Amino acid sequence: MREPQLRIAGRARPGRDRPFDIVDPATAQVLATVPSADADQIAEAAAAAAAAASGWAATPAEERGRLLRDCAAAVRDRAAELTEIVTRETGRVQARNALYVEWVSRLFEHYAELARAERGRIAPSDQAGQLSLVLRVPYGVVAAIVPWNYPLLLFAFKVAPALAAGNALVVKPAPETTLTTLLLGEILDGVLPPGALNVVAGGADVGEAVVRRPEVDLVAFTGSTRVGSRIATVAAELTKPTHLELSGKDPAIVFDDADPELAARGVVWAAFLNAGQVCTSTERVYVARRSYDAFVDSAVGLAAGLRVGDPFDEKTQVGPMRSEGGRRRVMEQIEGAVAAGAELLTGGSAPPGPGFYLEPAVLADVDHGMEIMREETFGPVLPIMPFDDEDQAFRLAADTDFGLGASIYTGDPGRVRRAYEELRVGTVWVNDPLVDNLAAPFGGMGASGSARELGVEGLDAFSTARHVHWNMRLEHKPWWFPPGEES
Ligand code: NAD
C-alpha cells in the first residue's frame, strides 16, 4: 500500500507527527499506520485554505459548477478503489459502499446545479433611488470534522455544498477512516484549485487544533454529542459559528393498523443496517400491544436469519462493528438491559474468530426507563416494548433529549400528522425508514444538534447574508448634521 499522504495546498505531504494504527474491523489486523499532521502542517493547511478562499469565492458560479461536476466524474473514475478502501476501513458490506461512492458523485452534481441557480435577493428599499441587495456570501474557511461511520457521505454532505457556496476547506477525518478520506482528498484535489480542499489526519488533538486556527471561519462537525459539545465550547470562546450533527436515539412506532410482519422488515433494516452504526438507526421500538407478539416473532426471525460476515462476501448482510471498544460497550448495554428485566430473544454474542462481529440482538419486554432506551446504542440491537394507546406511543417516542429522526408505520394520516407535529426531530419517516433525499434537508434537534445538510438548506448553511444598502447618488440626507454647523 502507498504511504498515505495529507493534502495541503494542492500537494501530497506525509504527516510529521505521532503515527496511529488503522485496524481492519473484519480481521482485527493493522491495515496501515499513518503519521498525524503536526502543528505546522495544520497551520499550513489552514493558511492554504485562507489563501485559496477569496479566489474560489470570486470564481464565477458557472465555472465552480463545472469543476464540481468534474469532481463527480473523478470520483466515478476511481469508484472501485474507493469502494475497496472504505470497505476495509469501515467493515460495511461492499455493495452498500459502492452505492455510497455513487452518491458522493451525485451530491457534487446536485450542488453544482443548485449553487448556479441563486445568489440572494433584492429587498424592497425605504426610499426611491436605493437598492437593498441581500447577497449570499461564503464564510471563507470551513473546518469539516467527520466521524468514521459514513466517511464518504458525511464528507460529501459538507464538502460539496461548502465548495459550491464558495468556501475553502480543511477536513479532519476520524482516525479509523483516514485512508478513505485521504484518497477522496487526492481525487478531488486533482480537480480543484490548490488549497480549496485540504485534508489533515490525526485524532482529537488535531481536530481541536484545526478548530482553533484563526483562519477557520466556520466549524462543521458530525459526530457524538459529547465531542460536539466540546467543539461548541471551544468555538464559542473564539466566537466561531458551528454546524453540529450529533448522536441520536431514534424511535420507531408501529401502530395497530400496520402489517406487523412487514413493519418488522422495515424496522430490522433500520436497526441493523451498517451493524446498527448509523446515527439514525432505529434504536427503540414501540409496538401496539395488539401487534406486539406477531411483530416480535417476525423481528426475531429476521434478525436471526441475517447473514453476518465478511464485508467483501456478496452474501453478507451485516459486517463487523467498527471497534472492539464499541462492541464491548454495546454488549454491556445489552447485559444491563437483561439485568433490568429485558428478555434477549436472539443474538448479542460475539462469534468466535477474529474481527469485531456481534450477532444482531433483539430485546423484548424492555422498559422505557432502561438505559438501552435512553442512551445511544451504536451497534446491532433492537429493543422492543409494547404500548397501549396512541397518546402513550407519542409520549414515549418524544421523551428523549435527542432529536435526529423518527419512523412510524401506519396508513392513518392523523397519526402521520401527529408525528410531524409532536416529535421534535429533524426527519420523520413514514413506512420507509432511513431514506435520504439529496433535495431535502437532514439534521437534528436538541442533543442531536441543529445543523441541516442536503437540500437547499444544506447549501444555505455554508453561506451567510450580506446586506448592501446602495443609495444611487451621493446626496445630503435630512438626518445628517446640517451643513455648516460642524463646529
Ligand atoms: P466522535 O464524536 O468520537 O468523533 C468525531 C470526529 O471528531 C472524529 O474525527 C474525531 O477525531 C474528532 N474529534 C474528537 N474529539 C475532538 C475535539 N476535541 N476537537 C475536534 N475534533 C475532535 O464520533 P465517532 O465515534 O467518530 O462517530 C460516531 C458518532 O457520530 C455517533 O454518536 C453518531 O450518532 C454520530 N453521527 C452523527 C451523524 C449525524 O448526522 N447527526 C452522522 C453520523 C454519525
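These figures come from a predicted structure and were not determined experimentally. Just so it is clear, the values below take in all heavy atoms, side chains as well, and ignore hydrogens, waters and symmetry mates. Indexing begins at 1, ligand by ligand and atom by atom, following the structure's order.
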Heteroatom proximity flag, [X] to ligand 1, N/O under 3.5 Å:
X	answer
Thr222	no
Trp148	yes
Leu154	no
Glu453	no
Thr225	no
Glu376	yes
Arg226	no
Gly202	no

Tell me whether atom 4 (O) of ligand 1 lies less than 4.0 Å from at least one protein heavy-atom position. no
Are a donor atom and an acceptor atom from the side chains of Arg374 and His368 found within less than 3.5 Å of each other? yes
Against heavy atoms of Pro173, which atoms of ligand 1 measure under 4.0 Å? 9 (O)
Heavy-atom proximity to atom 37 (C) of ligand 1 ranks first, among Leu153, Ile231, Leu246, for Leu246
